[in-house]
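What follows is a set of notes on a single structure, which appears directly below.
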Amino acid sequence: MVLLVIDVQKGITDERLYGYQQFEDNLKQLIDASRKNGVEVIYVRHDDGPGSGFSKGDDAFEIYDVVAPKEDEKIFDKNVNSAFHESTGLEAYLRSKNIKKIITVGLQTDYCIDATIKSGFEKGFEMIVPKECNSTQSNPYMDAETTYKFYNESMWPGRYAACPTVSETIEMIKTYKKSEISIRINACGTREVETDRLLIRPFKPDDAESILSNWAGDEEVQKNYGEPVYDSLEKVQGLIQKYITAYNSDFTFRWAVIEKKSGECIGQIAYFLVDTAGSWGEIEYCIGRAYQGKGYATEATKAIIRYGFDKIGFNKVQICVRPSNIKSKRVIEKCGFEYEGTLRDYFFIDGKYEGRMYYSLLKD
């Protein structure tokens with residue numbers, strides 16, 4: 001369970017809102033109860049873009065002082081109505097913590113609250129919308145009170161969300177048990193790792209050109225990696241932004257592989273599958289063709305194995321490969337992985353089936 005506080009920002013939190021004072025008082029109660037009872041409070045801010053007056057750097061963009069987050073509380077920014085849009089990273093963060101119930105409060109009822117509730121419902125979350133804990137302003141078609149009542153009394157209950165009273169919601173929070181969360185690894189995120197020849201670090205926007213030229217635009221490399229070819233700088237920039245957004249979750253582990261000598265991004269490596277309860281992660285990697293055969297894949301993989309055991313706290317690290325990918329099989333062997341077994345006819349590539357060979361290492 002989490003308390004999701006949406007768009008309660010200085011530029012729109014004032015007397016223009018329906019039931020403004022009651023709304024403010026109720027939010028304070030829920031935030032206080034959540035903090036006292038171990039329910040995470042997560043904030044969302046809406047960004048209308050540079051020059052709008054409601055963007056990063058503008059006072060109106062900042063969260064309303066009365067309900068301001070504590071230093072260690074998460075904030076996710078968005079530029080669309082739904083807080084669950086993939087660009088925010090919120091869904092990935094909640095999934096990584098096995099969150100199922102979301103208490104949703106904030107602004108505005110008919111825009112970002114409605115979009116987030118319906119999106120959350122469709123994604124399988126249990127949406128909880130306490131009464132008098134969202135609000136809006138009047139619009140050309142409906143006054144604020146009518147808008148509030150339409151959504152809270154007619155649209156959401158029994159369809160998209162449960163709509164309890166504030167006191168009932170506080171009781172839920174007080175009786176909340178952390179049974180949802182079964183996490184046996186460390187939320188350490190993607191930190192920089194250094195080897196003799198490589199700097200293995202989070203992706204940056206200015207990696208785009210070397211990514212495109214060294215590996216993401218190479219059909220052979222991407223085919224072995226199981227990813228599409230990115231044939232333009234714009235597509236690569238979109239890929240990087242997706243990776244950077246995912247860093248909002250401290251259970252995301254994906255690195256750019258940088259050759260120290262040239263400063264080039266020569267590939268990437270990640271724990272693309274992570275089981276927070278089972279305490280294991282599965283590695284994937286790719287190295288550009290011009291940099292293959294130099295031991296870089298082995299060097300990077302060994303470093304990330306150590307990171308998995310020492311920093312993340314995995315009990316097991318696993319990796320898989322197609323039988324025909326001889327180069328990757330050699331890397332796996334050099335890293336000391338033990339063969340587990342093969343899922344037969346797992347892939348269908350170039351008109352024929354191939355298996356998926358699994359290897360693993362245990363911490364002990």
Side-chain angles (χ1 to χ4, degrees), residues 189-204 207-208 210-230 236 239-240 242-244 246-247 251-262 264-275 280-312 314 316-340 346-347 349 354 356-361:
T190 304
R191 300 180 187 175
E192 188 174 289
V193 178
E194 191 170 352
T195 68
D196 288 343
R197 299 180 296 165
L198 301 173
L199 180 63
I200 306 170
R201 57 153 173 79
F203 281 92
K204 299 178 181 179
D207 291 329
S210 63
I211 289 173
L212 178 62
S213 62
N214 290 329
W215 50 275
D218 188 317
E219 184 175 356
E220 182 179 322
V221 171
Q222 292 298 86
K223 180 179 176 181
N224 284 328
Y225 189 38
E227 289 291 320
V229 173
Y230 294 85
V236 172
L239 178 67
I240 293 173
K242 181 180 177 181
Y243 290 161
I244 292 173
Y247 293 144
F251 296 99
T252 292
F253 309 102
R254 182 173 295 276
W255 294 264
V257 179
I258 310 298
E259 184 188 49
K260 288 181 181 177
K261 182 179 179 180
S262 65
E264 290 284 305
C265 180
I266 65 171
Q268 67 166 317
I269 189 165
Y271 284 108
F272 80 107
L273 289 179
V274 173
D275 189 316
W280 59 265
E282 183 169 331
I283 289 177
E284 65 174 11
Y285 68 83
C286 77
I287 298 293
R289 260 198 289 180
Y291 301 91
Q292 293 176 8
K294 302 177 186 294
Y296 286 139
T298 302
E299 190 171 329
T301 301
K302 285 182 175 180
I304 295 310
I305 289 169
R306 288 194 297 272
Y307 189 93
F309 288 138
D310 298 343
K311 301 296 184 183
I312 304 173
F314 286 139
K316 181 175 78 170
V317 170
Q318 66 186 44
I319 195 167
C320 73
V321 67
R322 303 196 331 261
S324 63
N325 193 342
I326 303 302
K327 291 180 180 179
S328 277
K329 286 174 71 175
R330 287 176 183 152
V331 171
I332 290 168
E333 291 165 1
K334 289 177 183 177
C335 290
F337 283 95
E338 183 175 333
Y339 174 65
E340 294 269 7
Y346 188 91
F347 300 103
I349 300 174
E354 273 204 76
R356 185 181 179 110
M357 302 177 70
Y358 276 93
Y359 299 76
S360 70
L361 285 169

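No experiment lies behind these values; they were computed from the predicted model shown. Residue numbers count from 1 along this sequence.
Contact detail for Ala216 and Val236: the closest heavy-atom pair is CB-CG2, 4.4 Å. The two residues Ile200 and Ala300 come nearest to each other via the heavy atoms CD1-CA, 3.8 Å. Contact detail for Val193 and Ile304: the closest heavy-atom pair is CG2-CD1, 4.4 Å. Of all the heavy atoms in Ile240 and Phe203, the pair that sits closest is CG2-CB, 4.4 Å. Pairing each heavy atom of Gly336 with each of Leu361, the nearest pair is O-CD2, 3.0 Å. Contact between Gln222 and Pro228 at its shortest, heavy atoms only, is NE2-O, 2.8 Å.
Rounding to the nearest 0.5 angstrom, the gap separating the CD atom in Glu264 from the CG atom in Asp207 is 9.5 Å. In this structure, CD in Glu340 is found 12.0 Å from SG in Cys320, a value given to the nearest 0.5 Å. Taking CD1 of Ile287 as the reference point, atom CD1 of Ile269 lies at 7.5 Å (rounded to 0.5 Å). How far CD1 of Ile283 is from OG1 of Thr301: 6.0 Å, rounded to the nearest 0.5 Å. Atom-to-atom distance recorded for Glu219:CD and Arg289:CZ is 9.5 Å, nearest 0.5 angstrom. Atom OH of Tyr285 is separated from atom CG of Asn224 by 9.5 Å, given to the nearest 0.5 angstrom.
Tyr358 places a side-chain heavy atom less than 4.5 Å from the side chain of Gln318. Within the 4.5 Å cutoff, the side chain of Arg191 has no heavy atoms near those of the Arg201 side chain. In this structure, the side chains of Cys335 and Thr298 come closer than 4.5 Å at one or more pairs of heavy atoms.
Checking side-chain atoms of Glu354 against main-chain N and O of Ser324 turns up a donor-acceptor pair under 3.5 Å. Counting only distance, with no hydrogens or angles, the side chain of Asp275 and the backbone of Trp280 share no donor-acceptor pair below 3.5 Å. For Thr190 (side chain) and Arg254 (main-chain N/O), a donor-acceptor pair under 3.5 Å exists by modelled atom type. For Tyr296 (side chain) and Gly267 (main-chain N/O), no donor-acceptor pair under 3.5 Å exists by modelled atom type. Judged by distance alone, with hydrogens and angles left aside, the side-chain atoms of Lys260 form a donor-acceptor pair with the main-chain N or O of Thr195 at under 3.5 Å.
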Open item on the list: Set out, in order, the CA-CA distance, both residues' side-chain angles and the distance that settles side chain to side chain contact (heavy atoms under 4.5 Å, CB included) for Ile349 and Arg322, then state yes or no.
Closed with: CA-CA 10 Å; Ile349 300 174; Arg322 303 196 331 261; 3.4 Å; yes
TODO: Kindly indicate, with the supporting measurements, whether the criterion side chain to side chain donor-acceptor pair (under 3.5 Å) is fulfilled by Tyr225 and Glu284.
DONE: CA-CA 8 Å; Tyr225 189 38; Glu284 65 174 11; 2.9 Å; yes
Open item on the list: Between Glu333 and Tyr359, does the side chain to side chain donor-acceptor pair (under 3.5 Å) criterion hold? Intermediate values first, please.
Closed with: CA-CA 9 Å; Glu333 291 165 1; Tyr359 299 76; 5.2 Å; no
Open item on the list: I'd like to know whether Thr252 forms a side chain to side chain contact (heavy atoms under 4.5 Å, CB included) with Tyr243, so could you lay out the CA-CA distance, the side-chain angles of the two residues, the decisive distance to 0.1 Å, and finally the verdict.
Closed with: CA-CA 9 Å; Thr252 292; Tyr243 290 161; over 6 Å; no
- [ ] Any chance you could lay out the side chain to side chain donor-acceptor pair (under 3.5 Å) test for Glu338 and Ser360, step after step, and finish with the verdict?
- [x] CA-CA 5 Å; Glu338 183 175 333; Ser360 70; over 6 Å; no
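Ion pairing between a basic and an acidic side chain is recognised when a charged N comes within 4.0 Å of a carboxylate O; Arg197 and Glu259 show no such pairing. The residues Lys294 and Glu299 are annotated as not salt-bridged, no charged nitrogen and carboxylate oxygen being separated by less than 4.0 angstrom. Using a cut-off of 4.0 Å between Lys/Arg side-chain N and Asp/Glu carboxylate O, Glu282 and Lys316 are scored as not salt-bridged.
A parallel orientation is assigned to the rings of Trp255 and Phe253, their planes being inclined by less than 30° (bins at 30° and 60°).
Two rings, from Trp215 and Tyr291, have their centers 6.0 Å or more apart. Taking the six-membered ring where the residue is Trp, the centroids of Phe314 and Tyr271 are separated by under 6.0 Å.
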